[in-house]
Amino acid sequence: MSVTRHPDSAWLIDYACGNLSRGFELVISAHLMACAVCTEEVRRAEQLGAELLFGGQPAAPKLTAVDVLDAEGGDLSWLTARFALRPAVGTTSLQAFVDSYLDCGLSALPWRKAGRGLQVAKLRADEHERLWVLRAAPNTVLPRHTHAGSELTLVLKGAYFNGDTIYAAGDLEDANETTDHQPIVTRDAECICLAATEGPLRFASWAPRLVQRYLGI
Amino acid sequence: MLHKLMTKPHDPTAHEPTADDAGTDGAAIVPFPVDAGRTEENDSAAHETQLLVRVRDQRDRNAYQALFGLFAGKVQGYLRRTGIDPADAENILQDIMLAVWQKANLFDPQRASARTWIFSLARNRLIDIKRSLKREYAALERYSLETADDQVYEEDMLARAAGGKSVALLAHLPPEQASVLLMAYVEGKSHREIALELKLPIGTVKSRARLGFQRVRALLEQAK
Ligand SMILES: [Zn+2]
């Protein structure tokens, strides 16, 4: 898989610092599984973190090495799957991501129709962000829309065009309130995407607005 | 690949040029002073990594104690600078150092040095804590007074990031780039949160983070 569309470095720095909300973090994690370039970029952002944050005046903890070595068990449940299972690039695939993160086949997701050729399944929603999977039939023209905030879209399967740019499996589209776009799925295959959005999408025409209100997207 | 990363801007198609880009792109990179201290620094990084490999492969308690001696104070210092209460910092330190001992099997020196790996462990611990405190923080921020003097604010952040080397690294950046990186790394704010706080367009904050990061990364690379 050759990935050509990457998130801005600002996303990767936020990922390395742990500054992202869960939905956006998940989309970036999934891209990293497919992208050696961004994985290297994250490593460098972590390296900078170690230089910046371990470089200062050290504190003098009371805790000793022996306290730790003698401790029985201990709770390491905070060690997230992201850290513990962080796979080497190339050893895994987006299918592995779908299996391990969504924990079910795509067909088992709670799909709802969202217009001609388009189905969406909402995975997560709170006051700040939404995470969903979109599934569009070949040739589907998605409603033209702008955004109230950031939107990261990762292609899991198939491909779509936005203007002259094609986004294929593993590619990540980095959009925000300054972006106005109308994705069109390629004609040869269905397209499945994982998307995180901040704030509600703003559709350019009135018809999708009704769909939007209905679906709560 | 590293060479490619450094000479080619990171995906130039991913953003629209902004006024901010124009203002800083042309500025020359100030070379980072490469001195004996840096070489020593690299030796010590290699030493730390060897210790962690011994912990991983041989469950070597002496190597662990040496590693603990090198990192516990640094990790604790980092926790304290992120604003964590001293009593809590001690518990969190224990969690992190326990993970170093028990999860050393996850360490891969091909992917990260020991200090980078331990930083990412500490960062992971903090994510959990930050998420549970998020609501509280949000409430606090809403009622906190606006800082009248940005200069004082930036100096305070530099003091919190503390340490000659890190300040020296960021001193090579235009102040607006340095402060975005400090807000991300030290205060743990996302680029969206920074944009809201500084009342800047999101694209401007992204440019500052990206350009600052590119430059610091080049400096770190040069110092090797
Ligand atoms: Zn990438």
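Since the model is a prediction, treat every value here as computed from it, not as a measurement. A, B, ... follow the sequence lines: proteins, then strands. Residue 1 opens every chain.
- Applying the salt bridge (Lys or Arg N to Asp or Glu O under 4.0 Å) rule to B/Arg54 yields the partners B/Asp60; only residues at least two apart in sequence or on another chain are considered.
- Of the two parts of B/Val75, the backbone and the side chain both hold a non-hydrogen atom closer than 4.5 Å to a non-hydrogen atom of chain A.
- Neither the backbone nor the side chain of A/Ala175 has a heavy atom closer than 4.5 Å to any heavy atom of chain B.
- Proximity to chain A is limited to the side chain of B/Leu181, based on heavy atoms less than 4.5 angstrom apart.
- Top candidate by heavy-atom pairs under 4.5 Å with chain B, chosen from A/Leu63, A/Val68, A/Ile13, is A/Leu63.
- Interface remark: B/Tyr78 contributes backbone and side-chain atoms alike to the contact with chain A (heavy atom separation under 4.5 Å).
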Candidate pair A/Arg22 and A/Glu129, rule salt bridge (Lys or Arg N to Asp or Glu O under 4.0 Å), full reasoning:
CA-CA 9 Å; A/Arg22 284 172 217 263; A/Glu129 63 166 9; over 6 Å; no
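- Partners of A/Asp67 according to the salt bridge (Lys or Arg N to Asp or Glu O under 4.0 Å) rule, which considers only residues two or more places apart in sequence or in another chain, do not exist here.
- Each of A/Thr165, A/Asn162, A/Thr153 was checked for a side-chain hydrogen bond (donor to acceptor under 3.5 Å, both in side chains) with A/Glu173, and the lone residue meeting it is A/Asn162.
- Most heavy-atom pairs under 4.5 Å with chain A: of the set B/Gly69, B/Ser190, B/Ala112, this distinction falls to B/Ser190.
- A donor-acceptor distance shorter than 3.5 angstrom exists from the side chain of B/Arg56 to the backbone of B/Phe107, with no hydrogens or angles considered.
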